[in-house]
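This one's a predicted model, so the numbers in the text were calculated from it and none came from an experiment. Side-chain atoms are counted along with the backbone in the values below, which use heavy atoms only and exclude waters and symmetry mates.
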Amino acid sequence: MIKIEKPNGYIEITNNYFANLVGNAAQSCFGVTGMVNSNPYQTIKSAIKSKTSRDNNDQGITVKSINGNLVIDLHISVSYGVNISAIVESIVNKVRYTVEQATGLTVSKVNVYIDALN
């Protein structure tokens with residue numbers, strides 16, 4: 001959960017909201033075929049969720065708040081034969097823009113890890 005102090009009080013935004021927001025933005029980019037689990041906890045969570053729903057937008061996403069700025073880690077799979085550096089640049093720009101427009105928070109870093117080729 002990310003907690004922001006404003007003059008009138010606190011704003012709390014859940015990690016689930018950020019994960020879905022970032023997941024939708026990343027998967028809408030050309031060449032991205034899906035998200036990849038980044039740790040054992042997400043693997044177990046996605047195995048349980050797959051029994052109940054098909055929505056895995058938060059898979060492979062970690063959002064941290066460091067000194068009021070966001071650091072986002074993405075683990076993705078991409079299509080074989082596409083320009084990986086162009087895909088990564090597109091994802092970084094789209095995710096940064098989407099999160100900053102939706103929340104008003106500053107994204108200091110977007111780390112993209114290519115874990116699979118399809």
Side-chain angles (χ1 to χ4, degrees):
M1 180 156 315
I2 301 198
K3 193 173 188 178
I4 306 149
E5 185 177 355
K6 296 288 182 180
N8 295 334
Y10 291 97
I11 298 173
E12 293 181 349
I13 304 173
T14 64
N15 288 340
N16 192 27
Y17 171 77
F18 275 112
N20 283 320
L21 181 68
V22 171
N24 287 331
Q27 289 186 7
S28 70
C29 291
F30 174 77
V32 177
T33 58
M35 308 303 284
V36 179
N37 291 323
S38 61
N39 58 39
Y41 170 75
Q42 284 186 342
T43 304
I44 293 169
K45 182 177 159 188
S46 68
I48 292 170
K49 275 182 95 174
S50 68
K51 303 271 187 212
T52 59
S53 83
R54 290 284 186 196
D55 185 24
N56 284 334
N57 285 340
D58 61 344
Q59 181 178 349
I61 300 168
T62 307
V63 179
K64 295 175 261 184
S65 177
I66 300 174
N67 298 328
N69 295 325
L70 298 178
V71 176
I72 300 170
D73 293 335
L74 298 170
H75 292 265
I76 63 170
S77 63
V78 297
S79 298
Y80 179 78
V82 295
N83 186 341
I84 291 177
S85 64
I87 289 174
V88 169
E89 184 178 343
S90 171
I91 291 168
V92 168
N93 291 331
K94 175 106 181 201
V95 167
R96 177 175 281 133
Y97 176 78
T98 302
V99 171
E100 288 179 352
Q101 289 299 311
T103 64
L105 297 173
T106 304
V107 177
S108 64
K109 191 184 282 190
V110 178
N111 299 316
V112 180
Y113 302 98
I114 311 277
D115 291 338
L117 291 173
N118 292 331

Hydrophobic cluster identity match, Val112 and Val71, side-chain contacts under 4.5 Å:
no
Please list all pairs meeting salt bridge (Lys or Arg N to Asp or Glu O under 4.0 Å) that have one or both residues in residues 18-37, counting only residues at least two apart or in different chains.
none
If hydrophobic clusters are built by linking Ile, Leu, Val, Met, Phe, Trp and Tyr wherever their side-chain heavy atoms come under 4.5 Å apart, do Val32 and Ile84 end up in the same one?
yes
Salt bridge (Lys or Arg N to Asp or Glu O under 4.0 Å) pairs, two or more places apart, involving residues 8-29:
Lys3-Glu12
Is there any salt bridge (Lys or Arg N to Asp or Glu O under 4.0 Å) pair reaching into residues 61-84, and which pairs are they, with sequence neighbours excluded?
Lys64-Asp73
Residues in side-chain hydrogen bond (donor to acceptor under 3.5 Å, both in side chains) contact with Ser77, at least two apart in sequence or another chain
Thr33, Asn118
Counting C-beta onward and ignoring hydrogens, is there a side-chain heavy-atom pair between Val82 and Phe30 closer than 4.5 Å?
yes
Is there a path of hydrophobic side-chain contacts, each under 4.5 Å between heavy atoms of I, L, V, M, F, W or Y residues, that connects Ile66 with Val92?
no
Indicate, with yes or no, if Val88 and Leu117 share a hydrophobic cluster defined by side-chain heavy-atom contacts under 4.5 Å among Ile, Leu, Val, Met, Phe, Trp and Tyr.
yes
Restricting to non-hydrogen atoms, name the atom on Val95 and the atom on Ala25 that form the minimum distance, rounded to 0.1 Å.
CG2-CB, 4.2 Å
Quiz: residues 101-110 side-chain donor-acceptor pairs under 3.5 angstrom, not counting sequence neighbours:
residue : atom : partner : partner atom : Å
Thr103  : OG1  : Val99   : O            : 2.7
Thr103  : OG1  : Leu105  : N            : 3.2
Ser108  : OG   : Leu70   : O            : 3.1

Taking a hydrophobic cluster as the set of Ile, Leu, Val, Met, Phe, Trp and Tyr residues connected by side-chain heavy atoms closer than 4.5 Å, whether directly or through intermediates, do Ile91 and Tyr97 fall within one such cluster?
no
Interatomic distance, Ile76 atom CD1 to Ile87 atom CD1 [nearest 0.5 angstrom]:
7.0 Å
Show me the pairs that pass salt bridge (Lys or Arg N to Asp or Glu O under 4.0 Å) and involve residues 82-103, at least two apart or across chains.
none
